[in-house]
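These notes are about the structure you will find just below.
Below, chain A is the first sequence line, B the second, and so on; all start at residue 1.
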Amino acid sequence: MSGALRAAWRLRGAARGWAGRRLSQAAAGGAEGSGGDGGDGGGSGSREAVERLVRAHPVVVFMKGSPAQPLCGFSNAVVQILRLHGVQDYRAHDVLQDPDLRQGIKNYSNWPTIPQVYLNGEFVGGCDILLQMHQNGDLVEELKKLGIRSALLDAEKDQDKK
Amino acid sequence: MLRSRAATATKTAAAAALALRRGSSMAEGPVGRAIRAKLQAALEPSYLRVLDESHRHAGPPGAESHFAVVVVSGRFAGLPPLQRHRLVHGALRAELAGPVHALAIVARTPEQWGADPRVPPSPACLGGSKHQHPEAEPPGAPAAS
């Protein structure tokens, strides 16, 4: 694994700075349903509510904590990988703030764990898969399809120049 | 009968001590054994490693809440990572609906494993559900992580 990513693993919720500031909404703002209703009644965990969230932006993450302060190592890994690629603008939803959303997102994707990463409204996987995509170059390609240029491409270019 | 109970207690204590010393422990408890058996049956792996990493995540040693599995199986051939992980989840539906909160998965074909047997280290705990909304599931037992 690259030294940069190894350093990222050791970060203890230290993802302060621009990644957090650019973020538009946390779950408190993002849960459009009334929130009291549980999974199926039109609450924040309903299929419709989750669908709206995953389609709201090209890059959507359901995690524990926030990009500025992840509260789970696996969620932090997702934040750090996005940060490495220079993805500044994405939606992150803190499932710890909303138990209905926490269950609803698992029902929606039929995936039992958090974090969950959605690209262009499509579920791509959790932390393990995102790490794999980062390591094998797939993430750069997927971001390109979304019109997002990975910062790592520029890093490579700089190295070539030297 | 008493002797076998003592033997079990000794084994459990030894596993706990090992867990404290190492980063993770080979999963010795009932949940770990169930995970191993189900993955064996569902995927017939050529290599299988099941680690209990619960004590690294705000749980006592032997909590059996967080696992990391390495599954090497020909059944994964031709499947993208998402589908491979879904196969693993499918085999462990009961555990994931029950005590298991987290499951790190490495899923490779024998060819891929032969070419690269490295496994990324699991990320450090950052407190997780101890920080959750008060109305949600009850927090796990407090412990140093």
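Hydrophobic clustering of Ile, Leu, Val, Met, Phe, Trp and Tyr side chains at less than 4.5 Å, counting indirect connections, keeps L92(B) apart from V106(B). Follow the hydrophobic side-chain contacts under 4.5 Å out from L82(A) and you never reach V140(A); the two are in separate clusters. One hydrophobic cluster holds both I114(A) and M133(A) under the rule that ILVMFWY side chains link at heavy-atom gaps under 4.5 Å. Residues F76(B) and Y47(B) fall into different hydrophobic clusters, defined by Ile, Leu, Val, Met, Phe, Trp and Tyr side chains chained together at heavy-atom separations under 4.5 Å.
The neighbour count for R149(A) CZ, taken as heavy atoms of other residues, nucleotides or ligands under 6.0 Å away, is above 12. Atom CD of E51(A) is surrounded by more than 12 heavy atoms from other residues, nucleotides or ligands within 6.0 Å.
Taken to the nearest 0.5 Å, the NE2 atom of H85(B) stands 4.5 Å off from the CD1 atom of I129(A). One distance of note links NE2 of H89(B) with CG of N110(A); it measures 9.5 Å at 0.5 Å rounding. Note that NE2 of H66(B) and SG of C72(A) are 7.0 Å apart. Values are rounded to the nearest 0.5 Å.
Of all non-hydrogen atoms in L82(B) and V124(A), the two that sit nearest each other are CD1-O, 3.4 Å. Shortest non-hydrogen contact noted between R86(B) and S109(A) is NH2-O, 2.9 Å. The nearest pair of heavy atoms linking G73(A) to P123(B) is O-CB, 3.4 Å.
With respect to P112(A), the side chain to side chain contact (heavy atoms under 4.5 Å, CB included) criterion is satisfied by exactly one of L96(B), V100(B), L103(B): L96(B).
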